[in-house]
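The structure appears below as C-alpha cells.
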Amino acid sequence: MSINKEIEGTHLIKRVALIIYLKSVSDQYKLRRYGDIVYFSKKMKYCMLYVNRREAKEMQRQIASLDFVTYVEISAEDEVNLNSGHIEKQITEMAKAAEEKLQLEQEKNEDQM
C-alpha cells in the first residue's frame with residue numbers, strides 16, 4: 001500500500017517524486033525552487049525531487065524544458081504492490097530460485113570431482 005493511499009482522508013498534501021536526469025552534477029542546486037531534493041547521485045547524474053501531486057505534470061513539463069536537464073520522469077511508486085501476500089509470494093519464489101541454483105552448482109561441483 002502506498003503512503004499516498006494511507007493519507008487520503010487526512011489534511012496532508014499528497015506528494016510524488018520526480019526523477020530528474022541532469023547534464024552536469026552542479027546543476028542540482030538550481031532545482032531547489034521547484035520542490036524538495038531528497039536524493040542526488042553524482043555518479044548517475046540524477047536527483048529525486050518531491051513536489052505536490054496536483055502540480056506534478058506541470059512541474060515535469062517546466063523542469064524538462066530547462067537547458068541543464070536531460071530527462072524527467074514521475075516516480076511509479078503507486079504502482080508498487082506492497083500487499084503482504086504479494087511480498088510473501090515474491091520471497092518464496094526468490095528462495096526457490098536460489099535453492100535451485102545452489103543445487104545446480106553442487107551437482108556441477110560433484111561432477112567435476
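Here the side chains of Leu18 and Ile74 are in contact, with some heavy-atom distance below 4.5 Å. Between Glu99 and Lys96, the closest side-chain pair of non-hydrogen atoms is not below 4.5 Å. Within the 4.5 Å cutoff, the side chain of Phe40 has heavy atoms near those of the Val25 side chain. Side-chain atoms of Tyr71 and Tyr46, non-hydrogen and from C-beta on, never get closer than 4.5 Å to each other. Contact annotation: the side chain of Gln62 approaches that of Met59 to within less than 4.5 Å [non-hydrogen atoms, C-beta and beyond].
Using modelled atom types and a 3.5 Å distance limit, the side chains of Glu110 and Gln106 yield no donor-acceptor pair.
Interatomic distance, NZ of Lys42 versus OG of Ser24, reported as 11.0 Å (0.5 Å rounding). Taking CG of Asp36 as the reference point, atom CG of Leu31 lies at 12.0 Å (rounded to 0.5 Å). For the atom pair CD of Gln60 and CD of Glu73, the computed distance is 8.5 Å after rounding to the nearest 0.5 Å. Atom CD1 of residue Ile91 and atom CD of residue Glu88 lie 5.0 Å apart, to the nearest 0.5 angstrom. The distance from atom CZ of Arg33 to atom CG of Leu49, rounded to the nearest 0.5 Å, is 11.5 Å. For the atom pair CG of Asp27 and OG1 of Thr70, the computed distance is 9.5 Å after rounding to the nearest 0.5 Å.
Ile19 and Tyr34 fall into different hydrophobic clusters, where Ile, Leu, Val, Met, Phe, Trp and Tyr residues are linked whenever their side-chain heavy atoms come under 4.5 Å apart, directly or through other members. Using a 4.5 Å cut-off between side-chain heavy atoms of Ile, Leu, Val, Met, Phe, Trp and Tyr, with links allowed through other members, Val38 and Met44 fall into the same hydrophobic cluster. Each of Val69 and Tyr21 belongs to its own hydrophobic cluster when Ile, Leu, Val, Met, Phe, Trp and Tyr are linked at side-chain heavy-atom distances under 4.5 angstrom. When the side chains of ILVMFWY residues are joined at heavy-atom separations under 4.5 Å, either directly or via intervening members, Leu22 and Met48 end up in two distinct hydrophobic clusters.
Contact check on Lys108 versus Glu105 returns no salt bridge, with no Lys/Arg side-chain nitrogen under 4.0 Å from an Asp/Glu carboxylate oxygen.
Residue Phe68 places its CZ atom among more than 12 non-hydrogen atoms of other residues, nucleotides or ligands, all under 6.0 Å distant. Remark: Lys57 NZ is loosely packed, at most 12 non-hydrogen atoms of other residues, nucleotides or ligands lying under 6.0 Å away. A 6.0 Å sphere centred on NZ of Lys30 holds more than 12 heavy atoms belonging to other residues, nucleotides or ligands.
Between Val16 and Ala56, the shortest heavy-atom contact is CG1-CB, 3.5 Å. A pairwise comparison of heavy atoms in Cys47 and Ile37 identifies CB-CG2, 4.4 Å as the closest pair.
In this structure a side-chain-to-backbone donor-acceptor pair under 3.5 Å is present from Arg15 to Tyr50.
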